[in-house]
There are 2 protein chains.
Amino acid sequence: MIKLVLAEDQSLLRGALASLLALEADFEILADRLDGRSAWADIRRDPPDILVTDIEMPGLTGIELAEAIKRDGLKTRTLIVTTYARPGYLRRAMEAGVSGYLLKDAPATELADAIRRVASGERVIAPELAEAAWGEPDPLSETERRLLRLAESGLDSHAIAGTSGLARGTVRNYLHEAISKLGASNRIEAARIAREKGWL
Amino acid sequence: MIKLVLAEDQSLLRGALASLLALEADFEILADRLDGRSAWADIRRDPPDILVTDIEMPGLTGIELAEAIKRDGLKTRTLIVTTYARPGYLRRAMEAGVSGYLLKDAPATELADAIRRVASGERVIAPELAEAAWGEPDPLSETERRLLRLAESGLDSHAIAGTSGLARGTVRNYLHEAISKLGASNRIEAARIAREKGWL
DNA sequence: TCAACGATGTGACAGATGTCATGGTACTTT
DNA sequence: AAAGTACCATGACATCTGTCACATCGTTGA
């Protein structure tokens, strides 16, 4: 019997998956949660064999859950199920020691199969991503990432300086660095590129 | 027997919903499609009672499907199921004559219920949105919307002028209009606001 | 200790952007 | 016919942005 915990913030999908997986004779669903923090409480109390989780959730992200599991040395293996085919996400997930990374574009029938394979110790990566995993590494520094995020929301250099405690000129220097690293021609394009690659 | 067509581009969700709905004794799923165009072919050939559809899909959007159904006078009633709680989307959906608008945050059990209510002639709107429906109307002209979309991707005024066949100064005037209508302080913030409200 | 390095900051300049006044055309409404 | 309402355009100006050279300061490694 493979014991599962589900973490997914889209209720419709979570409910549908829970019903569907519950139909499989060899699965037992211990809990389904819509945020990372309550899922973590469940996992800690009674570690399941497999955690099936989204990445972007309120509270803790799926990747942070995987890191916590690794840190505490729990037996639980993590299977990420996400919308985003972004190399940066996959890279961070691998570093966090996840055992599987599927896309929500995958056919539903593949999920049960992937869960069984992960449970038996295999590693499952969405084929679309298998190669991209070894794509370019994230070139951004933490500061550049932080400022790019602020710029993305429409703040100007002065406002960014205010909220980040830097000088106006320094902000422009960092954004300039980000722009040139990403081959963009302005901060907007830079933010778009970084987001597409999963670096934001 | 309620005949259904499903249109949803996330295969995992589509598959899970199809399996789940197929379990209901009074539902019959005629087709499940991942793009608007092939769903439209199915609907035209043999109009179902209900179309359950996402909004953002390749080919045709769910709203465009609803418009096509209305235009051709088919008996099919449309139930939108989307991630986006944006007043603008809801407004456009209502204008297209949809019978229901649910969020993917809704519990899975609500979907079958909503389908039955729509089939019996009721109108079902996600409660979170019932009020927002009467929110501010979209203040943007088509041109402003178009240029805002281009600006959002990081093109500068010159590039936008090139791809849209306008003069550089005209582009800035339109963006200025959009910025002031939306109470933003630059084009980036304007694009963000418009997107959040569902006007982009 | 000293050099190297990274994070932060300044000043200057060209070019892009936001703002405003102004004017033209075409289409609709009254 | 007159007024109103998009739409398209130009010119001018202040401000913001992107770029670059250079300076400061603290930490780290040799």
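Since the structure is predicted, the reported quantities are computational estimates derived from the model, not experimental observations. Throughout, a chain's letter reflects where its sequence line sits, starting with A, and its residues are numbered from 1.
Annotation: side chain to side chain donor-acceptor pair (under 3.5 Å) contacts of B:S19 (sequence neighbours excluded): none. Residues satisfying the side chain to side chain donor-acceptor pair (under 3.5 Å) criterion with B:S185, sequence neighbours excluded, are B:E189. In this structure, A:Y101 has no ring pair (Phe, Tyr, Trp, His ring centres under 6.0 Å) partners at least two apart in sequence or on a different chain.
Side-chain atoms of A:Y89 and A:E56 include a donor-acceptor pair closer than 3.5 Å. Residues A:N173 and A:T170 bring no donor and acceptor atom of their side chains to less than 3.5 Å of each other. If you check the side chains of B:R117 and B:S120, you find no donor sitting under 3.5 Å from an acceptor. Looking only at atom types and distance, the side chain of A:T61 has no donor-acceptor partner in the side chain of A:R92 under 3.5 Å away.
Here D:dG18 presents its P atom at 11 Å from CG of A:L148, a figure rounded to the nearest Å. If you measure from atom CD of B:E189 to atom C1' of C:dT17, you get 15 Å, rounded to the nearest angstrom. Atom pair B:L147:CG and C:dG18:C1' shows a separation of 15 Å (rounding to whole Å applied).
Each of B:E142 and B:R168 lies near DNA chain D, and the nucleotide nearest B:E142 is the one positioned closer to the 5' end.
OP1 or OP2 of C:dT17 lies within a sub-4.0 Å distance of a side-chain N or O belonging to B:R187. Dashed line: the shortest gap from a side-chain N or O of A:T170 to OP1 or OP2 of C:dG9 is under 4.0 Å. Look at B:S141 and you'll find a side-chain N or O under 4.0 angstrom from OP1 or OP2 of D:dC7.
Distance alone, capped at 3.5 Å, is enough to place a donor-acceptor pair between the A:N186 side chain and the B:G154 backbone. Between the A:T76 side chain and the A:P47 main chain, no donor and acceptor come within less than 3.5 Å of each other.
At a non-hydrogen distance threshold of 4.0 Å, B:H176, B:I179, B:N186 from residues 174-186 of chain B come into contact with DNA chain C. Near DNA chain C, defined here as any heavy-atom distance below 4.0 Å, the residues from residues 150-166 of chain B are B:D156, B:S157, listed numerically.
Listed candidates were D:dC16, C:dG9, C:dT19. Nearest to the side chain of B:R172 is C:dT19.
Of the listed residues (A:R149, A:K181, A:R187), just one forms a salt bridge (Lys or Arg N to Asp or Glu O under 4.0 Å) with A:E144, and that residue is A:K181.
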Output one line per pair: protein atom, nucleotide atom from nucleotides 21-26 of chain C, and distance, for all N/O pairs under 3.5 Å.
none

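The CD atom of A:E95 lies 4.5 Å from the CZ atom of A:R91; values are rounded to the nearest 0.5 Å.
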